[in-house]
Structure formats: C-alpha cells, structure tokens
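Predicted, not measured: the structure shown is a model, and the values here were computed from it.
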Amino acid sequence: MASSDNTVLQFAASSSTNLSAKVHPLVIFNICDCFVRRPDQAERVIGTLLGSILPDGTVDIRNSYAVPHNESSDQVALDIDYHHNMLLSHQKVNPKEVIVGWYSTGLGVSGGSALIHDFYSREIPNPVHLTVDTGFSNGGGTIKAYVSANLSLGDRQLAAQFQEIPLDQRMVEAEQVGFDILKTNMVDKLPSELEGMEVTMERLLALIKDVYKYVDDVVEGHVAPDNEIGRFISDTLASLPKMSPAAFDKLVNDSMQDHLLLLYLSSITRTQLSLAEKLNTAAQIL
C-alpha cells in the first residue's frame with residue numbers, strides 16, 4: 001500500500017459519536033506480548049481485532065492476533081495471506097468472532113494508520129482502530145479507540161479524520177489488579193514462585209499487623225469502632241479453617257515437596273528426550 005498526500009487528523013472523543021467499544025483484558029495482554037516479541041527492527045506491531053457487535057451497537061473486542069508488516073515513511077506492506085489464514089484458524093475455534101477492527105502500538109494515530117485503516121475498511125464497514133501505548137509515555141498504558149471518516153471537497157479527498165470513541169475496559173477486580181501492576185512496575189525479570197510467595201507473605205503480614213493495630217486502638221478507645229469493619233474481620237476469621245501451626249507447616253512443606261518433585265521429573269524427561277533425539281540423529285548419520 002503506497003502512501004498518499006492525504007492528511008491524517010486526530011480528534012478527541014466527542015459526544016456526537018454514538019459508537020462505543022468494549023475491550024477484554026486478554027486483548028491488551030496479547031498486544032503487549034506481541035510487542036515484546038516483535039522483531040528488533042520493528043518500532044510497533046499491528047494486528048486484527050476480533051469480536052462481535054452487541055445489540056446496542058457497541059463493538060465488543062474479545063480477541064486479537066498480530067499481522068506481520070513492514071512500513072517506511074511512504075508505504076506500508078501487510079502480510080495479507082497471513083491475516084486471512086489466521087482469521088480462518090480463529091473462526092474454526094469460535095465462528096461467532098468476526099473482524100471488528102485493527103490495533104497498533106503507540107500513542108495515537110500516525111501517517112501510516114490511514115493506509116492500514118483503508119485495508120480493514122475493505123474487510124468490514126466502519127472498523128475500530130485501537131491504540132495501546134506500550135511505551136507508557138504518560139506514566140501508564142494509554143488505550144484509545146478510533147473510527148475514521150474521509151473529509152472530501154467535491155470529488156477530492158482532503159484528509160482522513162480519526163474520531164476517538166468511548167472505550168470501556170471490561171475487567172473484573174482480579175484482572176484490574178494485574179493490569180495496574182503491568183502499568184506501574186518495570187522489572188528486569190519475572191519473579192520465581194518462591195520469590196512471589198515471599199513477597200505475598202510479607203504483604204499478608206503487613207496487613208495482619210494493620211488489623212492488629214486497628215483492633216488494639218478500638219479496644220483502648222483511641223479509634224471509634226466501625227461495625228462494618230468489625231463484621232468484615234469476624235467473617236474473615238470465621239472463613240479460616242482451625243489448624244494448628246504444626247499442621248499448617250506440614251501442609252505447606254508437603255505441597256512444596258510435591259511441586260519440587262514435579263519439577264525434577266519434568267527436567268529428567270526433557271533431558272531424556274534431548275538425549276534420544278541426539279542419539280537418533282547420530283544413528284541416521286552413521
């Protein structure tokens with residue numbers, strides 16, 4: 001797709017736009033994963049959005065896949081065959097999911113966005129363009145959705161207008177916690193299970209200390225009692241099984257030993273498969 005001289009205009013969300021979109025967290029995590037795995041020379045990744053149109057007209061974005069592409073200052077090349085093959089594979093698993101638009105990483109639209117949007121406009125009418133700021137330019141992962149319209153003067157097309165539309169991130173509480181951690185923390189490596197358990201236990205101990213301090217302050221009259229907090233603490237304690245410290249230590253240690261045994265067996269299996277493959281290759285050569 002060759003570039004044209006048309007201007008790309010980006011507008012903020014307007015109340016006059018009736019269309020809206022909802023995006024599931026799986027889509028955001030897929031996009032972030034594709035960005036991390038992108039080729040070294042690629043500045044951004046683009047891909048197809050899958051989902052459905054709800055009865056009220058809302059675009060429900062539930063899945064996505066990346067599409068290989070090359071772009072320069074004057075042209076954009078998409079792997080259209082790969083796009084169609086991936087679409088067929090996805091629809092074999094979930095035939096109700098159809099193309100609803102496309103995504104790109106980065107903050108806002110760019111000059112090449114009009115060319116890519118024009119391709120998806122031939123796939124479906126009025127596709128949604130989702131942008132995910134994986135560079136955390138504003139201190140967080142900014143996610144926006146756009147639709148496009150052509151501005152013309154007579155028969156001459158002057159510009160491609162990208163109009164931002166309302167976007168709802170459909171996350172339950174646990175997913176929102178994970179997304180907030182993804183936005184605010186930059187780490188060199190993911191923590192191991194033991195390191196993650198250690199951090200979790202430290203946070204749990206800190207919370208228990210806060211509860212102890214609150215209860216002591218209420219008993220001593222330093223803080224006014226709150227019936228709602230009291231009921232919450234009572235329900236929490238009632239939900240815990242009555243178990244002695246020795247029985248709890250035994251339960252944790254047994255679970256840890258079972259986990260280490262599984263890791264050991266899987267490591268032995270990988271080693272045996274690797275040796276068998278090398279021996280088989282050597283036998284074929286000889």
Side-chain angles (χ1 to χ4, degrees), residues 10 13 20-52 58-71 76-79 82-83 85-87 89-91 93-94 97-113 116-117 119-120 127-147 162 164-193 195-196 199-200:
Q10 177 180 337
S20 63
K22 296 182 179 180
V23 60
H24 290 246
L26 174 63
V27 177
I28 307 302
F29 294 137
N30 280 345
I31 295 173
C32 293
D33 181 67
C34 292
F35 180 77
V36 172
R37 300 172 187 270
R38 74 190 188 281
D40 294 336
Q41 68 276 10
E43 295 183 358
R44 66 171 182 167
V45 295
I46 66 173
T48 302
L49 298 175
L50 301 174
S52 61
T58 302
V59 180
D60 188 21
I61 306 171
R62 295 195 298 267
N63 211 334
S64 66
Y65 58 85
V67 177
H69 79 291
N70 292 312
E71 62 180 321
V76 178
L78 291 176
D79 193 338
Y82 179 89
H83 159 68
N85 290 334
M86 286 294 294
L87 177 61
S89 299
H90 274 268
Q91 289 185 333
V93 178
N94 193 343
E97 290 185 352
V98 298
I99 298 176
V100 293
W102 67 286
Y103 72 81
S104 68
T105 57
L107 188 60
V109 298
S110 62
S113 298
I116 304 173
H117 200 84
F119 165 74
Y120 281 94
V128 173
H129 175 32
L130 187 73
T131 61
V132 180
D133 178 24
T134 51
F136 299 91
S137 304
N138 298 328
T142 303
I143 305 170
K144 295 183 179 180
Y146 301 88
V147 292
F162 280 86
E164 184 180 350
I165 62 174
L167 179 66
D168 178 23
Q169 298 180 31
R170 303 186 62 180
M171 298 185 185
V172 298
E173 184 178 357
E175 294 168 338
Q176 186 65 50
V177 170
F179 183 71
D180 291 340
I181 292 175
L182 177 66
K183 290 193 303 181
T184 57
N185 288 302
M186 303 293 289
V187 296
D188 296 330
K189 67 179 185 68
L190 293 176
S192 64
E193 292 189 5
E195 293 172 342
V199 173
T200 302

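- What you find for G106 and T131 is that their closest heavy atoms are O-CB, 3.9 Å.
- Contact of the V98 side chain with the L50 side chain is not registered, since no non-hydrogen atoms from C-beta on lie closer than 4.5 Å.
- Distance check: D60 CG to D168 CG gives 9.5 Å after rounding to the nearest 0.5 Å.
- Taking all atoms of both residues into account, the shortest heavy-atom contact from A145 to L130 is CB-CD1, 4.3 Å.
- Here the closest heavy-atom approach between residue V27 and residue N63 is recorded as CG2-N, 3.4 Å.
- With contacts defined as side-chain heavy-atom distances shorter than 4.5 Å, the pair M86/T48 does not qualify.
- Side-chain atoms of V128 and L167, non-hydrogen and from C-beta on, never get closer than 4.5 Å to each other.
- Considering only heavy atoms from C-beta on, K144 stays 4.5 Å or farther from D133 through its side chain.
- Between A66 and Y82, the shortest heavy-atom contact is O-CE2, 3.1 Å.
- With a 4.5 Å cut-off on side-chain heavy atoms, S64 and L49 count as touching.
- Two residues are said to be in side-chain contact when any heavy atoms from C-beta on lie closer than 4.5 Å; L78 and I46 meet this criterion.
- In this structure, the side chain of T105 engages the main chain of V45 through a donor-acceptor pair within 3.5 Å.
- One finds the CG atom of N30 at 12.5 Å from the NE2 atom of H24 (value rounded to the nearest 0.5 Å).
- With values rounded to the nearest 0.5 angstrom, I61 atom CD1 is found 10.5 Å from Q169 atom CD.
- Separating the CZ atom in R62 from the NZ atom in K22 is a distance of 11.5 Å, to the nearest 0.5 Å.
- In terms of heavy-atom proximity, C34 sits nearest to Y103 at SG-OH, 4.1 Å.
- Side-chain contact check for H117 versus F162: some heavy-atom pair is nearer than 4.5 Å.
- Residues I165 and A21 approach most closely at CD1-CB, 4.2 Å, considering heavy atoms.
- For the ring-ring contact (aromatic ring centres under 6.0 Å, His included) with F119, the qualifying choice from H69, H129, H83 is H83, the only one to do so.
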